Structure formats: structure tokens, C-alpha cells
Amino acid sequence: MTATTKPVTRLCTHTLTSLHYRDADLVNDLMGKKTFTEVMLMQILGRTPRPVDMRIIDVVLIVLMEHGLTPSAIATRLIYMSAPENLQGAVSAGLLAVGSSFVGTMENCSQLLDRLLAAGDLEAEARAIARHYKETRSPVPGFGHHLHKPVDPRAYKLLELAEAEPELGGERIRALKQLSAVVDEAAGRPITINATGAVAALLGEIGVPTAVMRGFAVISRAAGLVAHIVEEQQSPSGRYIWDTVEHAIPYVGNAPTGEAS
């Protein structure tokens with residue numbers, strides 16, 4: 001942006017009698033006529049979503065919404081216990097855990113898919129990626145799961161659903177499967193594609209840029225965290241979590257602890 005160029009927005013405008021989301025009249029074009037998913041995609045992608053786009057986004061949002069008592073849910077429950085008047089603060093605390101280690105990891109995998117698709121020789125590039133992660137003893141983004149073995153059932157259902165969509169080109173799914181084959185070969189055993197690896201491929205198939213993908217994890221997980229707050233209201237666990245951690249992690253310094261000898 002130059003010194004003489006002013007920033008602009010295309011997302012929303014209003015008059016005394018109307019409000020528009022992009023170019024669509026909120027009252028006359030959207031309310032009662034479009035779903036939340038349709039309007040969300042219109043706003044984020046800047047185009048009219050196709051039915052296939054909505055099917056893919058809906059299944060992705062469902063998969064990412066709930067993962068149990070993970071760091072994001074625990075953070076939300078503890079903050080809600082501490083400040084129950086601030087529901088949005090508890091949700092936002094949990095959303096801060098959507099990152100490169102949990103929930104938002106599709107971005108890491110999508111970066112690899114971008115690299116594969118930009119390479120002249122997809123198989124050779126996949127082997128280079130697998131070799132790098134084996135040499136550094138690091139998990140390949142989008143692969144492996146500590147709970148789901150030998151496969152992450154969510155991932156393969158996502159890929160199955162996407163492959164059944166004739167409107168999708170399938171390039172990113174093929175790239176993910178090519179990477180999966182060489183990751184297995186490098187490890188000497190099958191390494192499951194995990195849910196966020198499959199999500200990376202599916203979001204890319206409908207044109208979601210890599211740098212935007214984590215936003216869909218945030219949208220989905222926000223709904224899941226509201227559900228955790230509802231459960232916390234009905235069956236509080238925050239104090240139990242706190243007490244459990246306090247007793248599970250002993251103090252080992254030289255100060256008195258108050259514990260009976």
C-alpha cells in the first residue's frame with residue numbers, strides 16, 4: 001500500500017435502512033434464504049459457494065469441533081471456573097490453544113502439500129520431505145496419532161467423501177496419498193494420515209488458502225468450547241482438574257509444604 005492509497009473493505013456496508021454483507025442485502029437476500037455455512041464461505045472466500053464447498057466445509061467443521069478434554073477444552077473449563085461471568089473469555093482462552101501442535105495443524109500439512117504441488121517431480125519431493133523428517137526424528141505434519149492406530153478413521157472417511165465429489169480436482173488428495181506412501185516406506189511401517197492431514201487436503205481442494213485454514217479450526221472449535229462450558233455449568237470439573245494437577249505435581253524445593261511427615 002502506497003502513502004496515497006487508502007485501505008478499503010468489501011465485507012460490509014450499511015445505510016439508514018439497509019445492511020449488506022459484501023454485495024448481498026442482509027435482510028432481503030440472506031436472512032431466511034441462506035445457511036450460516038453459505039454466508040460464512042461467501043464472506044471468507046469472496047465468492048458464491050458451490051454445493052460441494054458447503055458439503056466439504058460442513059464435514060470439516062464437524063470433525064474439528066470436539067476432541068474431548070484436550071488443552072483447549074481444559075483451558076476453557078478452568079477459565080470459566082475462575083470467571084463464570086465471562087463466557088467469551090473462557091472460549092477465547094481455549095481458542096488460544098488452536099496452534100501448530102493441536103487442532104490447527106492442518107496448516108503445517110498444507111504447507112507440505114503446497115511444496116509438493118509446486119515441485120517438478122512430486123514423488124522425488126515427497127521422498128525428500130519424508131527423509132528430512134526421519135533424519136530430524138520429527139513427526140510429519142498430518143501423519144500419526146497417539147490414540148488412533150493403525151488408522152485414524154476420521155481421516156479416511158474425509159478422503160472417501162472428497163473422492164466421491166466429481167467437482168473436485170483431487171490434486172491435493174493425490175499429493176497427500178503420495179506423501180503417505182513414502183512416509184510409510186521411510187518409517188518401515190504404516191503411519192496413519194490423521195484428521196488434520198485430511199482436512200488440509202480437503203480445504204485446499206475447495207480453494208481455501210493455506211494461511212486461512214486454521215481459521216476454520218477456530219470457527220469449529222468455538223462451538224465445541226461453548227458445549228464444554230454448558231457441561232461445566234451442569235457438572236463442574238474445573239476444581240477437580242486443578243486439585244488433580246496440584247496433587248500430581250509435587251513440590252521438590254526446600255521450603256515447608258504443610259504436608260504431614
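Keep in mind that this is a model prediction, so the values were computed, not measured. Both backbone and side-chain heavy atoms feed into the values below; hydrogens, waters and symmetry mates do not.
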Quick check for you: to the nearest 0.5 Å, what is the distance between [X] atom [atom1] and [Y] atom [atom2]?
{"X": "I173", "Y": "L113", "atom1": "CD1", "atom2": "CG", "answer": "10.0 Å"}
{"X": "D58", "Y": "E38", "atom1": "CG", "atom2": "CD", "answer": "9.5 Å"}
{"X": "L117", "Y": "L112", "atom1": "CG", "atom2": "CG", "answer": "11.0 Å"}
{"X": "T196", "Y": "R214", "atom1": "OG1", "atom2": "CZ", "answer": "10.5 Å"}
{"X": "Q88", "Y": "I229", "atom1": "CD", "atom2": "CD1", "answer": "9.0 Å"}
{"X": "R22", "Y": "L11", "atom1": "CZ", "atom2": "CG", "answer": "5.0 Å"}

Verify, without hydrogens or angle tests, whether [X] (side chain) and [Y] (backbone) share a donor-acceptor contact under 3.5 angstrom.
{"X": "R221", "Y": "V98", "result": "no"}
{"X": "E232", "Y": "G238", "result": "yes"}
{"X": "D25", "Y": "H20", "result": "no"}
{"X": "T192", "Y": "N194", "result": "no"}
{"X": "R172", "Y": "L202", "result": "no"}
{"X": "T76", "Y": "A73", "result": "no"}
{"X": "S110", "Y": "M106", "result": "no"}
{"X": "D29", "Y": "A24", "result": "no"}
{"X": "K33", "Y": "N28", "result": "yes"}
{"X": "S237", "Y": "Y240", "result": "no"}

Take atom OH of Y21 as the centre, draw a 6.0 Å sphere, and report whether it contains more than 12 heavy atoms from other residues, nucleotides or ligands.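 Result for OH/Y21: open.
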What is the minimum heavy-atom distance between [X] and [Y], and which atoms define it?
{"X": "A126", "Y": "L116", "value": "N-CD2, 3.4 Å"}
{"X": "P153", "Y": "V151", "value": "CD-O, 3.3 Å"}
{"X": "A155", "Y": "A198", "value": "O-CB, 3.6 Å"}

Tell me the side chain to side chain donor-acceptor pair (under 3.5 Å) pairs involving [range], sequence neighbours left out?
{"range": "residues 222-231", "result": "E66-H228, R77-H228, R77-E231"}
{"range": "residues 174-183", "result": "E163-K177"}
{"range": "residues 199-209", "result": "none"}

Could you tell me if E107 and T210 have a donor-acceptor pair between their side chains, going purely by distance under 3.5 Å?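 Result is no, nothing qualifies.
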Quick one, L26 and H14 - any side-chain contact, counting heavy atoms below 4.5 Å?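 They are not in contact (no side-chain heavy atoms under 4.5 Å apart), so the answer is no.
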Walk me through it: do R10 and D23 pass the test salt bridge (charged side-chain N to carboxylate O under 4.0 Å, His left out)? CA-CA 8 Å; R10 294 180 175 84; D23 297 332; over 6 Å; no
Applying side-chain contact (heavy atoms from CB on, under 4.5 Å) between I44 and each of I57, I219, V39, report the one that passes.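 By the side-chain contact (heavy atoms from CB on, under 4.5 Å) criterion, I44 pairs with just one of I57, I219, V39: I219.
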L41 pairs by side-chain contact (heavy atoms from CB on, under 4.5 Å) with which of D53, I56, T35? D53
Is L45 linked to L64 within one hydrophobic cluster, defined over Ile, Leu, Val, Met, Phe, Trp and Tyr using a side-chain heavy-atom separation of less than 4.5 Å? yes
